[in-house]
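Report on the structure given below.
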Amino acid sequence: MAEMVGPRLYSCCNCRNHVALHDDIISKAFQGRNGRAFLFSHAMNVSMGPKEDRNLMTGLHTVADVYCSDCREVLGWKYERAYEESQKYKEGKFILEKSKIVKENW
């Protein structure tokens, strides 16, 4: 009998809370604070910190840190606003750092 497997997920590296679906990855070619990061269209079971302007590699953005809703581990950030026209596609999207998430159901 075939084994039932759920969707491929990413979980918080600290507490294994499900935070994103593999199908929501837009790009794996991003840089986080601590190395590689993935750009996701959605995230779940996360909370946001206050919005702040940050000068990132691609220019000035308004971002909010993203925390695991269970253990409060900082996982990345959410792009709230991009000031440069070429970066507008990031607005409303989430950066999750590869070192802060683990694969589930792979």
Side-chain angles (χ1 to χ4, degrees):
M1 197 158 158
E3 199 176 314
M4 293 296 287
V5 178
R8 293 190 299 173
L9 301 165
Y10 287 95
S11 299
C12 171
C13 67
N14 193 47
C15 72
R16 297 298 197 264
N17 182 23
H18 296 162
V19 295
L21 296 172
H22 178 266
D23 289 346
D24 288 337
I25 290 179
I26 295 169
S27 175
K28 293 183 177 182
F30 275 73
Q31 189 68 28
R33 287 187 196 96
N34 305 303
R36 277 187 55 201
F38 301 159
L39 182 69
F40 287 87
S41 58
H42 301 94
M44 58 189 162
N45 301 319
V46 295
S47 55
M48 252 71 72
K51 296 177 187 177
E52 60 180 53
D53 285 343
R54 281 193 205 146
N55 226 335
L56 302 174
M57 289 171 53
T58 54
L60 183 64
H61 296 79
T62 302
V63 299
D65 284 337
V66 172
Y67 301 88
C68 172
S69 60
D70 281 355
C71 72
R72 304 292 296 160
E73 179 81 19
V74 177
L75 302 175
W77 63 84
K78 181 180 181 183
Y79 287 104
E80 297 288 350
R81 182 174 178 204
Y83 290 89
E84 295 184 27
E85 198 59 42
S86 66
Q87 301 301 309
K88 293 280 187 191
Y89 74 96
K90 296 177 184 174
E91 291 181 343
K93 311 286 189 308
F94 295 83
I95 286 288
L96 299 180
E97 299 205 37
K98 188 177 179 202
S99 65
K100 302 287 187 156
I101 56 177
V102 294
K103 295 175 179 179
E104 302 271 348
N105 294 334
W106 290 66

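- The side-chain hydrogen bond (donor to acceptor under 3.5 Å, both in side chains) check on R33 picks up D65, with sequence neighbours excluded.
- At least one donor-acceptor pair under 3.5 Å links the side chain of N105 to the backbone N or O of P7.
- Residues D53 and Y83 have side chains in contact (heavy-atom distance under 4.5 Å, counting atoms from C-beta outward).
- By the side-chain hydrogen bond (donor to acceptor under 3.5 Å, both in side chains) test, Q31 pairs with no residue at all, sequence neighbours left out.
- A search for side-chain hydrogen bond (donor to acceptor under 3.5 Å, both in side chains) contacts involving H22 returns R8, not counting sequence neighbours.
- More than 12 heavy-atom neighbours from other residues, nucleotides or ligands sit within 6.0 angstrom of NZ on K88.
- Smallest separation of non-hydrogen atoms from A37 and I95: CB-CG2, 3.7 Å.
- Residue Q87 comes nearest to A82 through the heavy atom pair O-CB, 3.3 Å, listed as atom of the first residue, atom of the second, then distance.
- Counting heavy atoms from C-beta on, the side chains of N17 and C71 never come closer than 4.5 Å.
- Residues F38 and I101 meet the side-chain proximity criterion, which asks for heavy atoms closer than 4.5 Å.
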Decide yes or no on side-chain contact (heavy atoms from CB on, under 4.5 Å) for K103 and Y10, but give the supporting numbers first.
-> CA-CA 5 Å; K103 295 175 179 179; Y10 287 95; 3.7 Å; yes
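- Taken to the nearest 0.5 Å, the NZ atom of K78 stands 4.5 Å off from the CZ atom of F94.
- Taking every heavy atom of both residues into account, F30 and K90 meet most closely at CE2-CE, 3.6 Å.
- In this pair, W77 and Y79 present their aromatic rings perpendicular. The plane angle is above 60°, beyond the 30 to 60° band.
- Between E73 and C12, the shortest heavy-atom distance links the atoms CB-SG, 4.1 Å.
- You'll find the side chain of S47 reaches within 4.5 Å of the side chain of R72, heavy atoms only.
- Put simply, CD on E80 and NE2 on H61 are 12.0 Å apart, with the number rounded to the nearest 0.5 Å.
- One N or O on the side chain of N45 and one on the backbone of H18 form a donor-acceptor pair closer than 3.5 Å.
- Summarising the geometry, atom NE2 belonging to H42 is positioned 12.0 Å from atom CG belonging to D23; distances are rounded to the nearest 0.5 Å.
- Expressed to the nearest 0.5 Å, how far CD1 of I25 lies from CG of L39 amounts to 9.5 Å.
- V66 is not listed as a side-chain neighbour of V74, based on a closest heavy-atom distance of 4.5 Å or more.
- Closest approach of S99 and N34 over heavy atoms only: OG-CB, 4.2 Å.
- For the pair K100 (side chain) and L96 (backbone), a donor-acceptor distance under 3.5 Å is absent.
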